[in-house]
Amino acid sequence: MSPLEGKRIVLGVTGGIAAYKAVEICRRLVDSGAHVVPIMTDAAQHFVGTTTLSALASEPVQTELWHNPTTPIPHTKVGQGADLIIVAPATAKCIAAYRMGYSHDLLQNTLLATRAPVIVCPAMHTEMWEHPSVVDNMEVLRRRGVHVVEPESGRLAGGDVGAGRLASPESIVAAAERVLGSGELAGVSMIVSAGGTREPIDSVRVIANRSSGKQGYAVAAEAASRGASVTLVSTVALPAPSGVEVVSVETAAEMQGAIESRAARADVIVMAAAVADFRPASVANHKLKKHDGPPQIVLEPTPDILAGLGATKPTGQVLVGFAAETDDLIANAQSKLERKHLDLIVANDVSAPSVGFAHDTNAVTLLRPDAKPVEIDLAAKRDVARVVIDTIIEIRASRANDTRTGKH
Ligand code: PMT
């Protein structure tokens, strides 16, 4: 279940061109089961119509401090009833008013009258975002415990390019999940790998596979939404899930280096990456020429990263592998579970329709050394990730219980 399910979320929209993205944020929050109460400032209504947001939110947009048809005392009622307030986009003016407690409109009153957590998602031109007054205001808000979803760099209004673009709706919703999540993984340090490794043949060609990284990114996003501190070692350039540190690698050797240098400090490692089993034994430092004829490429095994982690696993660490199989799914995955000393393996039959590589969906069986297999029918990769993270939490809880009762 999403941590947003049943939560009352006030979505404050202020006057910037990024206001159009608030529509998508609203839709995603509602899809996650949240009750969305939208507030628009006067300036926001220059960019998006109230009808659009009202149609998508859980109730009509509120804009008025006075003569508000929804409640006679909107300046306190809306904020008091909120589980979370998200301001997206937050303009420089909105940020300054919030810092000063200047309650001139319904949104600022709501921000003052709430005890709920607040997420501010700034969006403005680079010069404004970097102006010392905005920098100071943001610092004060952060110090007060306001959550900030940092703007991205990219194309801004008027064709400018730079820092200040509103974060993606996906990152903003992920931040909401993190803030409202039960925090079951708070204080837990996690490494997740994602994507397929690319092993060079010469200076331009590689041996690759079809992994898109979607399943690994979904695991990382889900773990972060439950409060884990996540490092994602990735070969692909998907947008970083909110709050997740991404380390980019290309080859199996680079992935091994990035993971092994952090492994001793990790409480949980999830290897969702499709690591090449073989790589060219020698790499030409120039482009192999067509007129020299087809090259004889001699392959050698890559390091088995997961097996190495299993052999040196510190006490208490939870080690999770994935198994991409095309036949004998359970027998092959079971053998990997045992051979690599794993606590959990997520087996997917990648020959089945809509399963595994590059799809948005997956169907898996979860195998553990000491529990019955659990099957997850075809589902969105994020839903699969949810069950994987639930299982990791269960493994950690049962270990903590064993330690308390002296079983280990
Ligand atoms: O990225 P997507 O497009 O979303 O697709 C998802 C996925 C199909 C890649 C994912 O669900 C998956 O199955 N990942 C594991 C792919 C794989 O390499 O499986 P394997 O059975 O070959 O390897 C078993 C385990 O050992 C894996 O956890 C793998 O990361 C690890 N391994 C494998 C080889 C190697 N040299 N080092 C490793 O650590």
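Indexing begins at 1, ligand by ligand and atom by atom, following the structure's order.
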Problem set entry | Derivation and outcome, side-chain contact (heavy atoms from CB on, under 4.5 Å), residues Asp343 and Lys313 | CA-CA 11 Å; Asp343 302 295; Lys313 186 167 64 167; 3.1 Å; yes

For this session: May I ask whether Ala323 places a heavy atom under 4.0 Å from ligand 1?
Result: yes

Problem set entry | Proximal ligand 1 atoms for Asn362, defined as those under 4.0 Å from one of its heavy atoms | 11 (O)

Exercise. With a 4.0 Å cut-off, would you call Asp292 and Lys289 a salt bridge?
Worked result: no

For this session: Kindly indicate whether the side chain of Thr197, heavy atoms from C-beta on, has any atom under 4.5 Å from the side chain of Thr251.
Result: no

Exercise. Applying a strict 4.0 Å limit to heavy atoms, is Gly195 in contact with ligand 1?
Worked result: no

Exercise. Does Arg386 pair with Asp383 as a salt bridge, N-O distance under 4.0 Å?
Worked result: yes

For this session: Compare Ala324, Ala272, Ser212 and give the one whose heavy atom is closest to atom 14 (N) of ligand 1.
Result: Ala272

Seminar exercise, completed: Closest non-hydrogen contact found for Ala363 with Asn348 is O-CB, 3.6 Å

Exercise. What part of Ala252 sits under 4.0 Å from ligand 1 if we count only heavy atoms: the side chain, the backbone, both or neither?
Worked result: neither

Exercise. Is ligand 1 under 4.0 Å from a heavy atom in the side chain of Ser193, in the backbone, in both, or in neither?
Worked result: neither

Exercise. Any non-hydrogen atom of Lys340 lying under 4.0 Å from ligand 1?
Worked result: yes

For this session: Output the list of atoms in ligand 1 that are nearer than 4.0 Å to some heavy atom of Lys214, sorted by atom number.
Result: 1 (O), 2 (P), 4 (O)

Problem set entry | Structural part of His359 in contact with ligand 1, heavy atom criterion under 4.0 angstrom | neither

Exercise. In terms of side-chain geometry, is the basic nitrogen of Glu59 or Arg8 positioned less than 4.0 Å from the acidic oxygen of its partner?
Worked result: yes

Problem set entry | Minimum non-hydrogen distance to atom 33 (C) of ligand 1, winning option of Val275, Asp360, Val364, Val384 | Val275

For this session: For Ala276 and ligand 1, answer yes if some heavy atom of the residue is under 4.0 Å from a ligand atom, otherwise no.
Result: yes

Problem set entry | Flag side-chain contact, heavy atom, 4.5 Å: Val270 against Ile392 | yes

Problem set entry | Enumerated ligand 1 atoms positioned under 4.0 Å from heavy atoms of Lys381 | 2 (P), 3 (O), 4 (O), 5 (O)

Exercise. Is it true that a side-chain atom of Arg205 and a backbone atom of Leu288 form a donor plus acceptor pair closer than 3.5 Å?
Worked result: yes

For this session: Verify the distance criterion only: is there a donor paired with an acceptor across the side chains of His359 and Thr361 at less than 3.5 Å?
Result: no

For this session: Look at atom 18 (O) of ligand 1 and say which protein heavy atom is nearest, naming residue and atom and giving the distance to 0.1 Å.
Result: Ala274 CA, 3.4 Å

Exercise. Would you call Glu139 and Arg142 a salt bridge, using N to O less than 4.0 angstrom?
Worked result: no

Seminar exercise, completed: The atoms of ligand 1 lying under 4.0 Å from a heavy atom of Leu306, numbered in the order shown, are 25 (C), 26 (O), 28 (O), 31 (C), 38 (C), 39 (O)

For this session: Identify the heavy atoms of Ala88 and Ile172 that sit nearest to each other, and give their distance.
Result: CB-CD1, 4.3 Å

Exercise. Is any side-chain heavy atom of Ile389 closer than 4.5 Å to a side-chain heavy atom of Val219?
Worked result: yes

Exercise. Out of Lys381, Gln215, Lys214, Arg382, which residue meets the side chain to side chain donor-acceptor pair (under 3.5 Å) rule with Asp360?
Worked result: Lys214

For this session: Looking only at protein heavy atoms, identify the closest one to atom 8 (C) of ligand 1 and say how far it is in Å.
Result: Phe357 N, 3.7 Å

Exercise. How far is atom 24 (C) of ligand 1 from its nearest protein heavy atom, and which residue and atom name does that atom have?
Worked result: Phe322 O, 2.9 Å

For this session: Number the atoms of ligand 1 from 1 as they appear, then name those within less than 4.0 Å of a heavy atom of Gly321, with their elements.
Result: 28 (O)

Problem set entry | Part of Asp277 with heavy atoms under 4.0 Å of ligand 1, whether side chain, backbone, both or neither | side chain

Exercise. Do any N/O atoms on Ala358 end up under 3.5 angstrom from N/O atoms on ligand 1?
Worked result: yes

For this session: Would you mind checking which non-hydrogen protein atom is closest to atom 1 (O) of ligand 1, with the distance to 0.1 Å?
Result: Ser211 OG, 2.6 Å

Exercise. Does a donor on one side chain and an acceptor on the other come within less than 3.5 Å for Tyr217 and Ser234?
Worked result: yes

Exercise. Ignoring hydrogens and geometry, is there a side-chain-to-backbone donor-acceptor pair from Arg210 to Gly196 under 3.5 Å?
Worked result: no

Exercise. Does the N or O separation between Ile305 and ligand 1 drop below 3.5 Å for any pair?
Worked result: yes

For this session: Heavy-atom contacts with Gly356 under 4.0 Å: which atoms of ligand 1 show up? List them by number with element.
Result: 5 (O), 8 (C)

Exercise. Under 3.5 Å between some N or O of ligand 1 and some N or O of Pro303?
Worked result: yes

Exercise. If we only count heavy atoms from C-beta on, is the Ile330 to Pro373 side-chain gap below 4.5 Å?
Worked result: no

Exercise. Against heavy atoms of Ala273, which atoms of ligand 1 measure under 4.0 Å?
Worked result: 14 (N), 15 (C), 16 (C), 17 (C), 18 (O), 29 (C), 30 (O)

For this session: Could you list the atoms of ligand 1 found under 4.0 angstrom from a heavy atom of Met271?
Result: 27 (C), 28 (O), 30 (O), 39 (O)

For this session: Around atom 21 (O) of ligand 1, find the nearest protein heavy atom and jot down its residue, atom name and distance.
Result: Lys336 NZ, 2.5 Å

Seminar exercise, completed: Note: Asn348, heavy atoms under 4.0 Å from ligand 1, region reported as side chain

Exercise. Between Gly213 and ligand 1, is there a nitrogen or oxygen pair with a distance under 3.5 Å?
Worked result: yes

Exercise. Going by heavy atoms in the side chains, are Ile269 and Leu309 under 4.5 Å from each other?
Worked result: yes

For this session: Starting from atom 6 (C) of ligand 1, find the nearest protein heavy-atom neighbour and note its residue, name and distance.
Result: Gln215 CB, 3.7 Å

